[in-house]
Amino acid sequence: MRIDVWLWAVRLTKSRSVAADLCRSGKVRINGKVAKASASVAVGDRVTWRDPLRDRDIEVVELLPKRVGAPVAAKAYLDHSPALPTRVEREAVGLRDRGAGRPTKRERREIDRLRGRQP
């Protein structure tokens with residue numbers, strides 16, 4: 001089964017085109033390898049990608065050919081993702097002033113550390 005169809009069928013993305021764009025951007029990995037939208041996914045595979053708020057780590061439990069309701073879709077995968085950061089934790093990450101330019105390498109590492117990502 002195609003990864004973009006599966007992500008859409010289990011309601012992890014809003015539409016299939018969003019899932020395909022996510023795959024095309026190179027952010028989706030299946031078992032650690034970058035996956036195109038047409039890549040095949042099988043039961044037992046680990047699918048990972050970067051969400052706007054956190055890293056997602058999903059294990060495929062069931063392949064669904066069509067989009068299903070949320071309760072059924074939730075049974076099709078196991079979510080090994082870290083918990084969502086609380087609002088206080090999200091606000092703790094400082095915002096850069098507009099026009100301040102790109103962060104330096106040191107600032108980037110500090111930002112990653114605050115967000116819980118290991119460089």
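Model, not experiment: these values are computed from the prediction.
In terms of modelled atom types and a separation under 3.5 Å, the side chain of Trp6 and the main chain of Glu62 share a donor-acceptor contact. Remark: the backbone N or O of Ile58 is not paired with any side-chain donor or acceptor of Asp79 at under 3.5 angstrom. Between the side chain of Arg11 and the backbone N or O of Val68 there is at least one donor-acceptor pair closer than 3.5 Å. Here the side chain of Arg54 pairs no donor or acceptor atom with the backbone of Ser81 at under 3.5 angstrom. Put simply, the side chain of Arg24 never gets that close to the backbone of Lys36: no donor and acceptor are under 3.5 Å apart.
The side-chain heavy atoms of Arg16 and Val5, taken from C-beta on, include a pair separated by under 4.5 Å. Between Asp57 and Arg46 the shortest side-chain heavy-atom distance falls below 4.5 Å. At a threshold of 4.5 Å between non-hydrogen side-chain atoms, the residues Ile111 and Arg108 count as touching. Residues His80 and Glu59 form a side-chain contact, since some pair of their non-hydrogen atoms from C-beta on lies under 4.5 Å apart. In this structure, the side chains of Asp55 and Trp49 stay at 4.5 Å or more apart for every pair of heavy atoms. In this structure, Val34 and Val28 have side chains that are not in contact, with every pair of non-hydrogen atoms separated by 4.5 Å or more.
Under the 4.5 Å side-chain heavy-atom criterion for Ile, Leu, Val, Met, Phe, Trp and Tyr, Tyr77 and Val72 are members of the same hydrophobic cluster. Linking Ile, Leu, Val, Met, Phe, Trp and Tyr whenever their side-chain heavy atoms come within less than 4.5 Å leaves Leu63 and Trp8 in two separate clusters. Val60 and Leu78 fall into different hydrophobic clusters, where Ile, Leu, Val, Met, Phe, Trp and Tyr side chains are chained together by heavy-atom contacts under 4.5 Å.
Of all non-hydrogen atoms in Asp45 and Ala42, the two that sit nearest each other are OD2-N, 2.8 Å. Taking all atoms of both residues into account, the shortest heavy-atom contact from Ala9 to Lys66 is CB-O, 3.7 Å. Asp4 and Ala19 make their closest contact through O-CB, 3.5 Å (heavy atoms, listed as atom of the first residue, atom of the second, distance).
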Trace of the side chain to side chain contact (heavy atoms under 4.5 Å, CB included) decision for Ser40 with Ile3: CA-CA 6 Å; Ser40 294; Ile3 184 65; over 6 Å; no
Residues Asp112, Arg109; criterion side chain to side chain contact (heavy atoms under 4.5 Å, CB included); working and verdict: CA-CA 5 Å; Asp112 286 343; Arg109 288 180 181 149; 5.7 Å; no
Working for side chain to side chain contact (heavy atoms under 4.5 Å, CB included), residues Val61 and Val43: CA-CA 5 Å; Val61 174; Val43 174; 5.7 Å; no
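Note: Leu22 CG to Arg50 CZ = 12.0 Å, rounded to the nearest 0.5 Å. Atoms SG and CZ, from Cys23 and Arg29 in turn, are 12.5 Å apart once rounded to the nearest 0.5 Å.
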